[in-house]
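Notes follow once the structure below has been shown.
Please read all numbers here as calculations on a predicted model, not as lab measurements.
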Amino acid sequence: MNEMRHLMTPMDFSVDELERLFDKAADIEAHLQDYAHACDGRILATCFYEPSTRTRLSFETAMIRLGGRVIGFADASSSSASKGESVADTIRVISCFADICAMRHPKEGAAMVAAARSTIPVINAGDGGHEHPTQTLTDLLTIRSLHGRLGDFTIGLCGDLKFGRTVHSLIHALVRYKGIRFKFISPPELKVPDYIIEMLKAENIPFEEVIRLDDCLPDLDLLYMT
Amino acid sequence: MNEMRHLMTPMDFSVDELERLFDKAADIEAHLQDYAHACDGRILATCFYEPSTRTRLSFETAMIRLGGRVIGFADASSSSASKGESVADTIRVISCFADICAMRHPKEGAAMVAAARSTIPVINAGDGGHEHPTQTLTDLLTIRSLHGRLGDFTIGLCGDLKFGRTVHSLIHALVRYKGIRFKFISPPELKVPDYIIEMLKAENIPFEEVIRLDDCLPDLDLLYMT
Amino acid sequence: MNEMRHLMTPMDFSVDELERLFDKAADIEAHLQDYAHACDGRILATCFYEPSTRTRLSFETAMIRLGGRVIGFADASSSSASKGESVADTIRVISCFADICAMRHPKEGAAMVAAARSTIPVINAGDGGHEHPTQTLTDLLTIRSLHGRLGDFTIGLCGDLKFGRTVHSLIHALVRYKGIRFKFISPPELKVPDYIIEMLKAENIPFEEVIRLDDCLPDLDLLYMT
């Protein structure tokens, strides 16, 4: 019997599991018609406690393209949250209606609360400034498509490296692969936080901090702009 | 020719009709796959003038699981009601789009107004403090599932018996069945309203009012907590 | 290869194209079952930056009745527009998800901006006081159904002829057909604007302005009330 799993952070999947997931994603992309009925009869609930049109519609489109159906709400004001219903109460009922739930919430940890009460898998579609795992998985998949594999490349990360949630998640996700070298390109006031620098040093992962993109462009295999 | 009917209050169906409805519900529950295309090509409109996530998604999930599709709106602010369009105008057009409509509205009687102008069946999914018939039908169906039949039992109703819309509707629905005995359990300030007590006396339906649940628990076949 | 086209104004289609479109519409209406799977696997995005229940649900119902699916949002507050995302950013991503987009926006020209950035056809479902082409096409189709053909009739336009967007669009659409005579019926303060009167004179299209409907009713083949 499979134990039910949730997707809360990009680290919830092992590198091996991600590899299989990305192989599946590549196969779906190449043979979309073969998957047109893969989710027939299944229902996705999109529970968005704050609007995020692109994220919500990406989940809904994916489910629809796989033959499934969608229920849900697009923001808290059009949900019972506006009259004080808790995330725990909502997810308990949603669990009876849907087969899987993608949840977006402005508060850190909300998806964890939902997962604890849910009887269906919950995907964290962003909980405040905390995590947005499918964004990170998409970044990894894009790198894999462009570079051919995850590993053995020099990647430049350019822009706001201090406050950007997605870039921090991406760094954490990438250090699990072999042969990654980082070039951090940012003005001094938007540098990568110290705790990430310490982590890279502790794990002997090569990195360099520069201010001007031109200073490292020739060294890069990939460039990620925040 | 069938005359079109609406569902405005739980009393709109006779006891015989409810029996057939509950038989059908039990059959759907037991053989969901057989009904996966029962509503192919049909459209449900959910017109929710106030948010009620669980109620709205219960209707939408039901329609989807039967093979149908859903259109609608989740709250007044995302509908043309926000620019003053009347319920009557909206339902007249919705009638051209959908095959059936579930309507939620904060004002008593709104569903009746809609039904009067509609050319498709309207289900009252809650009109203010007035009625919420599918809630009552669900309560009856749950009792039937637990007890095996509707009738010949002692039911305890416990909690706020004064202001609770659902418990009043349930009492009215239950008195139509034979051999029902009520135990009303509430603090004195939340007692069943006098008009209900008068009705029970007039119809010779046995009941007792107590303050502590322990005082009647051994007598109960079923316990309903508000 | 077909160049992609958008529908921004009722004049985007030639009279010949409209004739084929209306023939198709009449055929769909007469043989709805034959079209139940015409849009299988296709996705419509309804991007409504202001609520318009009837317009939005008309698009969604049409897509559903043709076998397609729908994603989207019903008002700006439940979309990422509420956090400052631009129409251009949104449509670029929507283009990846959907096959066609119907957009409603309170600002004139918004649909044009979207069309310029979109890689899928965009239908203008109303941009402020500017255009609402499918409304005009529906008016033309209704006239064609009632009169049998577009041309050779006297039409009365009655009501607010000064500020009504739809009536101005309809006049511009009708002058492309042969043998149309207009009777404008309105109080003096709500008369047809001068620029339309000048256009009719320049094109030698017969018209008359009257104040009382009774003054011209016997002359009319059709009467359009604003």
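Scanning residues 31-69 of chain A against chain B with a 4.5 Å non-hydrogen threshold yields A/G41, A/I43, A/R69, sorted by number. For residues 74-110 of chain B, a heavy-atom distance under 4.5 Å to chain A picks out B/A74, B/D75, B/R104, given by residue number.
Around atom CD of B/E19, more than 12 heavy atoms belonging to other residues, nucleotides or ligands sit under 6.0 Å away. No more than 12 heavy atoms of other residues, nucleotides or ligands lie within 6.0 Å of CD in B/E29, so this atom counts as exposed by the packing criterion.
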